[in-house]
Engineer: 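Supplied in structure tokens, the structure appears directly below.
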Amino acid sequence: MKKLILKTLQSAIEGEVWYQKEFREFYSVDASSYQIIPKVIVVAKNEKDVINTIKIAKKFKTSVTVRGAGTSLVGSALNSGIILEMKNFDSIRLAKGHVTIGPGTIKGKLDKKLEENEKFFPPNPSIGSFCSIGGMLGNNSSGSRSLKYGSVIDNVIEITFIDGNGNKITLPKNKKISKKILEFAKKIDGVNFPNVTKNSSGYRIDKVKLITDSHKVLIGSEGTLGIILSAKLMIKDNPKKRILFVIEYKSIKDTIKNCIKINKTKPSAIEFVDKTTLNQIKFKFNKKTKCLLFVEYDEMISLNEKKIKSIITGKIIKKLNRNSDIVKWWKYRDSSLHYSLKSIKKGKKIPHVIEDAAVPLKNLQKLFSTLNKINKKYKTNSIVYGHLGNGNIHVHLIVDRKKIAVIKNIATEYFEEVIKLEGTITAEHGDGLARSEFVKRQYGTKNYRIFKEIKKFFDPKNILNPGKIITKKSTIIENLENF
Ligand SMILES: Cc1cc2nc3c(=O)[nH]c(=O)nc-3n(C[C@H](O)[C@H](O)[C@H](O)COP(=O)(O)OP(=O)(O)OC[C@H]3O[C@@H](n4cnc5c(N)ncnc54)[C@H](O)[C@@H]3O)c2cc1C
């Protein structure tokens with residue numbers, strides 16, 4: 001059977017078909033803690049290859065999982081069937097106010113092109129230039145600037161994709177399908193959607209308010225509804241001036257209180273790092289400093305400087321106006337994951353599981369208390385940093401390699417609390433293998449049923465990245481690699 005799929009793919013695909021062990025091993029991992037060996041990798045050369053791959057997968061009852069740069073932290077692009085590599089879809093067409101782009105384009109290439117034209121695409125994941133546009137669309141990525149400019153879902157005008165039937169669809173242009181999506185959207189129970197400014201869990205049907213929003217259902221869908229062929233993204237003019245304040249605090253409680261006040265002045269970013277990151281920064285902090293806030297404004301600089309100075313309770317240790325200094329200090333924040341991994345001892349591991357929940361700012365203090373209780377109960381430690389202005393914290397739980405069973409208990413307890421606090425179990429990295437089993441709990445039975453109808457509408461045979469977002473299986477500790 002395996003040989004037959006291979007032969008069929010080889011004769012139909014104009015791009016490449018890789019089945020060798022080394023390639024299958026390469027595509028079996030990403031930046032997460034998981035591993036799944038796929039059957040075969042198709043490197044699509046064109047649209048026809050994408051359609052043929054889906055049709056062949058359907059015929060042979062196997063899956064198609066589209067992959068970008070493989071930087072997902074939760075195994076979103078790992079699966080056992082066919083992996084669809086989209087690196088050849090890397091065109092960039094710049095126009096006034098938007099860019100039309102292929103999903104295989106690496107973000108760094110887009111950034112460079114936009115920089116030459118003094119423009120930028122707002123969502124800026126800390127992975128920087130390495131992720132692909134397809135992956136950012138698939139995860140509904142965001143970053144420090146999302147506080148002001150929103151996540152990917154808030155910055156897309158149009159999406160063209162191939163669904164699970166092999167049909168090419170452009171949304172919101174396609175009126176018939178747009179109407180159908182709006183019908184789904186009207187049925188949702190909004191109360192069970194998280195009350196947050198960023199969310200990458202489930203299908204973001206809550207963002208579909210008008211027929212012209214229908215494309216948003218694809219964003220954050222992790223390749224489970226369609227393979228994106230191209231996207232029209234909104235772009236902005238580079239800000240004329242920026243100012244970055246780095247502020248030290250002696251208590252996390254005060255930092256959170258102060259973050260809520262600072263947020264009211266509408267900065268473009270409020271980011272948080274704990275001791276693990278600040279210990280890596282070459283600067284003489286006060287011995288009692290527990291954490292830092294990075295606060296940036298990209299407009300009304302002098303007015304905002306006055307405002308922030310009148311409300312901060314910490315101490316400003318850096319006030320930066322020069323672009324090179326701003327870039328240097330943001331690098332420290334963007335390296336937090338690297339510093340976290342570097343800091344753990346032999347025999348310990350950081351599974352990326354409870355790592356990017358968000359809650360409304362009013363409940364942030366309670367989220368930190370929940371984390372402290374969990375750490376006490378399970379004798380674990382955690383490193384925390386993240387997008388505090390969005391109530392979105394990255395938690396790196398340090399666990400004993402030999403005690404992986406606790407991960408599921410910890411995740412269940414943490415996510416239960418996050419949901420009670422009106423939050424989302426994932427604000428930016430997606431459900432993947434680590435969170436899909438909690439999506440039903442996150443949204444409730446009624447909304448989950450609507451999610452299943454949406455999945456069926458676009459992918460009736462469940463061949464697109466099965467097991468992600470909609471699943472009956474628990475995959476949280478299955479497939480953990482090298483634990
Ligand atoms: C060090 C580090 C820091 C990070 N910091 C941030 C951060 O600050 N903010 C943030 O939001 N994220 C962050 N991430 C996660 C990051 O957003 C995602 O890893 C990234 O956007 C995924 O891009 P990728 O190209 O690697 O996608 P992949 O990992 O390859 O895929 C991600 C998902 O997108 C789907 N997908 C890929 N291409 C397509 C397509 N053409 N059509 C449909 N679906 C598609 C895949 O099936 C998969 O479900 C970080 C990750 C790392 C490793």
Side-chain angles (χ1 to χ4, degrees), residues 27 29-34 44 47 50 63-79 82-90 101-108 110 122-147 150-153 159-164 198-200 218-231 269 271 330 333-341 350 352 355-356 358 385-387 390 392-394 396 426-433 436 458-459 464-469:
Y27 285 91
V29 289
D30 54 9
S32 74
S33 317
Y34 298 103
E47 188 182 309
V50 175
S63 62
V64 178
T65 298
V66 58
R67 173 161 169 135
T71 67
S72 162
L73 287 161
V74 288
S76 297
L78 306 182
N79 225 319
I82 302 170
I83 297 292
L84 189 59
E85 162 65 79
M86 298 291 281
K87 66 180 176 150
N88 292 326
F89 290 67
D90 66 345
I101 192 157
T105 314
I106 295 300
K107 181 172 178 281
L110 172 67
N124 58 330
S126 310
I127 184 73
S129 44
F130 301 103
C131 57
S132 76
I133 300 301
M136 289 180 72
L137 291 159
N139 280 357
N140 184 25
S141 301
S142 51
S144 59
R145 291 191 298 239
S146 294
L147 185 62
S151 306
V152 167
I153 201 163
I159 295 279
T160 297
F161 64 101
I162 307 291
D163 74 1
K198 283 167 68 178
N199 177 17
S200 286
L218 258 289
I219 299 162
S221 66
E222 297 179 43
T224 62
L225 302 179
I227 312 292
I228 297 170
L229 296 179
S230 79
E271 297 283 306
W330 272 127
R333 157 62 192 95
D334 288 341
S335 302
S336 294
L337 175 55
H338 168 68
Y339 297 147
S340 310
L341 295 173
I350 295 182
H352 302 289
E355 40 123 46
D356 68 325
Y385 60 88
H387 316 289
N390 288 104
N392 173 203
I393 55 168
H394 292 306
H396 293 309
T426 164
E428 50 182 27
H429 299 166
D431 295 311
L433 292 167
S436 292
F458 286 112
D459 182 28
L464 299 178
N465 204 3
K468 312 291 163 48
I469 302 182

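Throughout, numbering of the chain's residues begins at 1 and tracks the sequence. Each ligand, and each atom within it, is numbered from 1 in the order the structure gives.
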Engineer: For ligand 1, which atoms have a heavy atom of Leu337 less than 4.0 angstrom away?
Structural biologist: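 Within the 4.0 Å cut-off of Leu337, ligand 1 contributes 1 (C), 2 (C).
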Engineer: Which is it for Glu355 and His429 under the side-chain hydrogen bond (donor to acceptor under 3.5 Å, both in side chains) test, yes or no, and what are the steps along the way?
Structural biologist: CA-CA 9 Å; Glu355 40 123 46; His429 299 166; 2.7 Å; yes
Engineer: Yes or no on side-chain hydrogen bond (donor to acceptor under 3.5 Å, both in side chains) for Asn465 and Asn79, after CA distance, side-chain angles and deciding distance?
Structural biologist: CA-CA 7 Å; Asn465 204 3; Asn79 225 319; 2.9 Å; yes
Engineer: If you look at every heavy atom in Ala69 and Cys131, which pair is closest and at what distance?
Structural biologist: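 Heavy-atom minimum between the residues: CB-CA, 3.9 Å.
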Engineer: Take Glu428 and Asn139 through the test side chain to side chain contact (heavy atoms under 4.5 Å, CB included) and record every step on the way to the result.
Structural biologist: CA-CA 7 Å; Glu428 50 182 27; Asn139 280 357; over 6 Å; no
Engineer: Tell me if a side-chain donor or acceptor on Lys468 pairs with a main-chain N or O of Ser76 at a distance below 3.5 Å.
Structural biologist: yes
Engineer: Against heavy atoms of Leu73, which atoms of ligand 1 measure under 4.0 Å?
Structural biologist: 50 (C), 51 (C), 52 (C), 53 (C)
Engineer: So, Arg67 and Glu85, do they make that salt bridge, N to O below 4.0 Å?
Structural biologist: no
Engineer: Does Pro103 approach ligand 1 within less than 4.0 angstrom via side chain, backbone, both or neither, non-hydrogen atoms only?
Structural biologist: side chain
Engineer: What is the closest protein heavy atom to atom 21 (O) of ligand 1, and at what distance does it sit?
Structural biologist: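 Going atom by atom, the protein heavy atom closest to atom 21 (O) of ligand 1 ends up being Ser141 OG, 2.8 Å.
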Engineer: side-chain hydrogen bond (donor to acceptor under 3.5 Å, both in side chains) between Lys198 and Ser142: does it pass, once the steps are laid out?
Structural biologist: CA-CA 8 Å; Lys198 283 167 68 178; Ser142 51; 3.3 Å; yes
Engineer: Could you list the atoms of ligand 1 found under 4.0 angstrom from a heavy atom of Pro125?
Structural biologist: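 Numbered from 1, ligand 1 contributes 6 (C), 7 (C), 8 (O), 9 (N), 10 (C), 12 (N), 13 (C).
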Engineer: Between Ile133 and Gly102, what is the shortest heavy-atom contact and its length?
Structural biologist: CB-O, 4.1 Å
Engineer: If you measure from each heavy atom of Gly128 to ligand 1, is any distance below 4.0 Å?
Structural biologist: no
Engineer: Which of the numbered atoms in ligand 1 are below 4.0 angstrom from a heavy atom of Ile127?
Structural biologist: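 Listed by number with element: 1 (C), 2 (C), 3 (C), 4 (C), 5 (N), 50 (C), 51 (C), 52 (C), 53 (C).
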Engineer: Report the C-alpha distance between His387 and Arg333 in whole Å, list the side-chain angles of each, state the deciding distance to 0.1 Å, and finish with yes or no for side chain to side chain contact (heavy atoms under 4.5 Å, CB included).
Structural biologist: CA-CA 10 Å; His387 316 289; Arg333 157 62 192 95; 3.3 Å; yes
Engineer: Test side-chain hydrogen bond (donor to acceptor under 3.5 Å, both in side chains) on Glu271 and Ser144 and set out the steps.
Structural biologist: CA-CA 7 Å; Glu271 297 283 306; Ser144 59; 4.9 Å; no
Engineer: Within less than 4.0 angstrom of ligand 1, does Asn139 place any heavy atom?
Structural biologist: yes
Engineer: Taking distance alone, with no angle check, do Ser132 and ligand 1 share an N/O pair under 3.5 Å?
Structural biologist: yes
Engineer: Checking a contact table here: which protein heavy atom is nearest atom 30 (O) of ligand 1, and how many Å away?
Structural biologist: Gly68 N, 2.7 Å
Engineer: Are the aromatic rings of His352 and Tyr34 close, with centres under 6.0 Å apart?
Structural biologist: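 Aromatic pair excluded; centres sit 6.0 Å or further apart.
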Engineer: Where on His387 is there a heavy atom closer than 4.0 Å to ligand 1, on the side chain, on the backbone, on both, or on neither?
Structural biologist: side chain
Engineer: How does Thr71 reach ligand 1, by side chain, by backbone, by both or by neither, if only non-hydrogen atoms under 4.0 Å count?
Structural biologist: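 It is both parts that get close, each with some atom under 4.0 Å.
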Engineer: Is ligand 1 under 4.0 Å from a heavy atom in the side chain of Leu229, in the backbone, in both, or in neither?
Structural biologist: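 It is neither part, as no heavy atom is under 4.0 Å.
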Engineer: Do you know which two heavy atoms are closest between Pro123 and Ser146, and how far apart they sit?
Structural biologist: CA-OG, 4.5 Å
Engineer: In terms of residue, atom name and distance, what is the protein heavy atom nearest to atom 24 (P) of ligand 1?
Structural biologist: Ala69 N, 3.4 Å
Engineer: Checking a contact table here: which protein heavy atom is nearest atom 28 (P) of ligand 1, and how many Å away?
Structural biologist: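 Minimum-distance protein heavy atom for atom 28 (P) of ligand 1 reads Gly70 N, 3.6 Å.
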Engineer: Considering non-hydrogen atoms of the protein only, which is the closest contact for atom 47 (O) of ligand 1, and what is the distance?
Structural biologist: Val66 O, 2.6 Å
Engineer: Give the atom numbers and elements of ligand 1 that come within less than 4.0 Å of a heavy atom of Ser142.
Structural biologist: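 Near Ser142, meaning under 4.0 Å from one of its heavy atoms, ligand 1 has 7 (C), 8 (O), 9 (N), 10 (C), 11 (O).
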Engineer: Ring centres under 6.0 Å, that's the criterion: do Tyr385 and Tyr339 meet it?
Structural biologist: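 No - the distance between ring centres of Tyr385 and Tyr339 does not fall below the 6.0 Å cut-off.
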Engineer: Please list the nearest protein heavy atom to atom 42 (N) of ligand 1 with its residue and the distance rounded to 0.1 Å.
Structural biologist: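 I find the closest protein heavy atom is Ile228 N, 2.9 Å.
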Engineer: Specify the protein heavy atom at minimum distance from atom 5 (N) of ligand 1: its residue, its atom name, and the distance to 0.1 Å.
Structural biologist: Ser126 N, 3.3 Å
Engineer: What are the two closest heavy atoms between Pro103 and Met86, and how far apart are they?
Structural biologist: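 Smallest interatomic distance, heavy atoms only, reads CG-CE, 4.0 Å.
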Engineer: With heavy atoms under 4.0 Å as the rule, classify the contact between His429 and ligand 1 as side chain, backbone, both or neither.
Structural biologist: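 Within the 4.0 Å criterion, His429 contacts ligand 1 through side-chain atoms alone.
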Engineer: Judged on heavy-atom distance to atom 23 (O) of ligand 1, which of Cys131, Gly102, Gly138, Gly223 sits nearest?
Structural biologist: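 Selected option, by shortest heavy-atom distance: Cys131.
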Engineer: Could you list which atoms of ligand 1 come closer than 4.0 Å to a heavy atom of Glu428?
Structural biologist: 7 (C), 8 (O), 9 (N), 10 (C), 11 (O)
Engineer: Among all protein non-hydrogen atoms, which one is nearest to atom 29 (O) of ligand 1, and what is the separation to 0.1 Å?
Structural biologist: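 The closest one turns out to be Ser72 N, 2.9 Å.
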